[in-house]
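Every chain is numbered from 1 and lettered A, B, ... according to where its sequence line falls, protein lines coming before strand lines. This is a predicted model, so every value here is computed, not measured. Just the heavy atoms: all of them, side chains too, but no hydrogens, waters or symmetry mates, feed the values below.
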Number of protein chains: 2
Amino acid sequence: MTPTIKDVAAHAGFSIATVSRAINAPHTVNPITLDKVRQSIDALNFRPSPLGRQLRGERTRLIGVVLPTLANPVFAECLQGIDDLASAQGYRLMLMTTQYDVDRERHAIETLREHRVEGLILTVADADTHPLLDQLDRDGLLYVLMHNDTVRRPSVSVDNRLAAYDGVRRLIAHGHRRILMLAGSFAASDRARQRHLGYTQAMQQAGLTPAPALEVDFNAEELAPSVLAHLTHGANRPTALFCSNDLLAMVVMRGLRRARLSIPQDMSILGFDGLAMGELLSPALASICAPNREIGCAAWQRLLARIGGAREDRGFAATSLALTLPHSVREGATITALASQVDLDRASPAYGLAAPAATEKPFA
Amino acid sequence: MTPTIKDVAAHAGFSIATVSRAINAPHTVNPITLDKVRQSIDALNFRPSPLGRQLRGERTRLIGVVLPTLANPVFAECLQGIDDLASAQGYRLMLMTTQYDVDRERHAIETLREHRVEGLILTVADADTHPLLDQLDRDGLLYVLMHNDTVRRPSVSVDNRLAAYDGVRRLIAHGHRRILMLAGSFAASDRARQRHLGYTQAMQQAGLTPAPALEVDFNAEELAPSVLAHLTHGANRPTALFCSNDLLAMVVMRGLRRARLSIPQDMSILGFDGLAMGELLSPALASICAPNREIGCAAWQRLLARIGGAREDRGFAATSLALTLPHSVREGATITALASQVDLDRASPAYGLAAPAATEKPFA
DNA sequence: GTGAAAGCGCTAACAC
DNA sequence: GTGTTAGCGCTTTCAC
């Protein structure tokens, strides 16, 4: 069906070797021959199969990409960054998603290895303790992590601890004293743990008491009553929430609204990721921004450099491991400066009921 | 470096044929032999290379996916749907994005063909007139379109015309009379044109005058003054906007806010796509929902069916082409029922200036 | 400047 | 039940 190099050779009246040379080293073949061969190639619409080349021991020019999910735009943005560069440079991407499941991570890596990818770009649940990554190191299969925040392995990310620290300090500077951190599953994210460290440090440094992160179910339609209770009741209810990622922040914002709390008057919100979409919210989401697309690009470049390096000089591969890209804090209308204490108890009894779109503001 | 079937054969003391059989048809080999071979496989950590199999004329179990961009979650959601099923069924995805560029579409398709993908899942700019798709038809390479709304080719989408019709009728039912449609580049999207047809039909049926779609630059920070003028000035300024996709709707919402218009009091907004994120906005975005993930899943299933069909019975491949999935209209707070005419001229002089977060409402 | 032939990793006849 | 061998599409010596 698809023409092979043989068909071209027969059509042009030369050997397959000559056809191969006409493609890969045109200058070594007689211009007249070259012309004929090219005509045959066009006539048959022939494109050399990468399979043959790959099997011949050539480079596969295949890169494996392993991501937790595409439902979170953070990873879609990274992927877009990788694809832009990789495509332009003649590499193909093989994509697998893991849904934060370690078994699926294992399966993805194995599958991609079978396909003889030249390298891997991945975001895993927990980079430090990942046995498969050790295996990759042993086997000399090159990889670069994205977002995983570890100094032990080749990676590209922001300094999650520092970024969280900066963000929480901003909240403190705005007068907030009782700040709570919300996170999805800690188990699924070494980033979240780093961010909690930053939160803790900022709090302690300001003489405030950090709290354990409150775990929130991402996918639930409503905030769990237990969570909501934490946010609204009691003497130590927070005035600001630091959410370990933007998607979580948005879910929390919706939950708070349903509980008749207005943002930022009743509660300030700070996210993490810097999703473009956050700026389209109202109020616009304040967030600690990671340059997601650039992280993808940088991961690609590092991987390419390592691949290139490995081909010439195997020694220097391990020189620089973690690349830290600068983060920024995006101010947004979800944070308010605290003029006075806010009485949240007034609003809380209504949670769980349908709430009107407009919420009353306790002061203004 | 990576062990081959030869290494296993040598290690186990059998021929490569036996090793191959041990892998692909275990029941045909002596249990004792089988055991030894398996031990060698484990010992060497051998995984058969798909390359060899593929070259041998076997199925590549590779599927090409061609998408405009991952920056729009619509496509990320589709991709997630595809990946969930495809991975589970032992297929690999090769992904390329095109940025709505026809040249890149061509390049992507060619590249994926070289890799001998068994089929293609794609969203292209314009399905009907696409010469490359005709080429695929001629060459018998199977493909399924997503979102492209055409009856001429295998595709999975909602009925864009009907969906838009339904949505606009909803606006009309809420009392809106002057409704404008906003779109990104028409050239880049056959969907947008279908949606405009639906808009036109709904308007005419209600005895209203449809307008040509207003093209809006997606990526601009602010709405263009000319666009804003259309929305705010003149006797026939609209009371509702139908945006050809949710991302556009969000951008427009931001632009309107900056121009000191409040939503939905000054302007109702209806989007298209049903992005989950839209529900997290405030006010929650009303939208015509396409089941994006399901579209991805269905596209995958159709492709698989066609691949299976093509392998047995080449005749029936062309039976059913377009699959239309049901859409729904998601009510949201961005649409208000029109009690009276809204005086927008008051708000418009301020556009282009920084606007306060809270906007006054002309009535309430 | 060109062709013949080996071999990449694997499967599938075909022998034994 | 197991081994031998040809061949998938291609690149690359090595002759000529």
Between the side chains of D128(B) and R153(B), is the shortest nitrogen-to-carboxylate-oxygen separation below 4.0 Å, so that they form an ion pair? no
Would T97(A) and Q80(B) count as having a side-chain donor-acceptor pair, cut-off 3.5 Å? yes
Covered region of DNA chain D, 5' end to 3' end, by chain B [heavy atoms, under 4.0 Å]: dG1(D) to dG9(D)
Under 3.5 Å donor-acceptor pairs involving side-chain atoms of residues 32-39 of chain B, not counting sequence neighbours:
residue: D35(B); atom: OD2; partner: Q39(B); partner atom: NE2; Å: 3.3

With Y91(A) via ring pair (Phe, Tyr, Trp, His ring centres under 6.0 Å) - residues at least two apart: W300(A)
Round to a whole Å and report the spacing from CD of Q54(B) to P of dC8(C). 18 Å
Could you encode protein contacts along nucleotides 10-16 of chain C as a string, one character per nucleotide from 5' to 3', using B for base contact, S for sugar-phosphate-only contact and - for no contact, with a heavy-atom cut-off of under 4.0 Å? BBBB---
Please determine whether side-chain contact (heavy atoms from CB on, under 4.5 Å) holds for the pair V117(A) and L120(A), giving the CA-CA distance in whole Å, both sets of side-chain angles, and the decisive distance to 0.1 Å. CA-CA 7 Å; V117(A) 294; L120(A) 248 25; 3.6 Å; yes
Got a sec, which residues hit salt bridge (charged side-chain N to carboxylate O under 4.0 Å, His left out) with E294(A), two or more places apart in sequence or on another chain? none
Could you measure the distance from the CG atom of L141(B) to the CZ atom of R113(B)? Nearest 0.5 Å is fine. 5.5 Å
By the ring pair (Phe, Tyr, Trp, His ring centres under 6.0 Å) test, which pairs, at least two apart or in different chains, include something from residues 95-125 of chain B? none
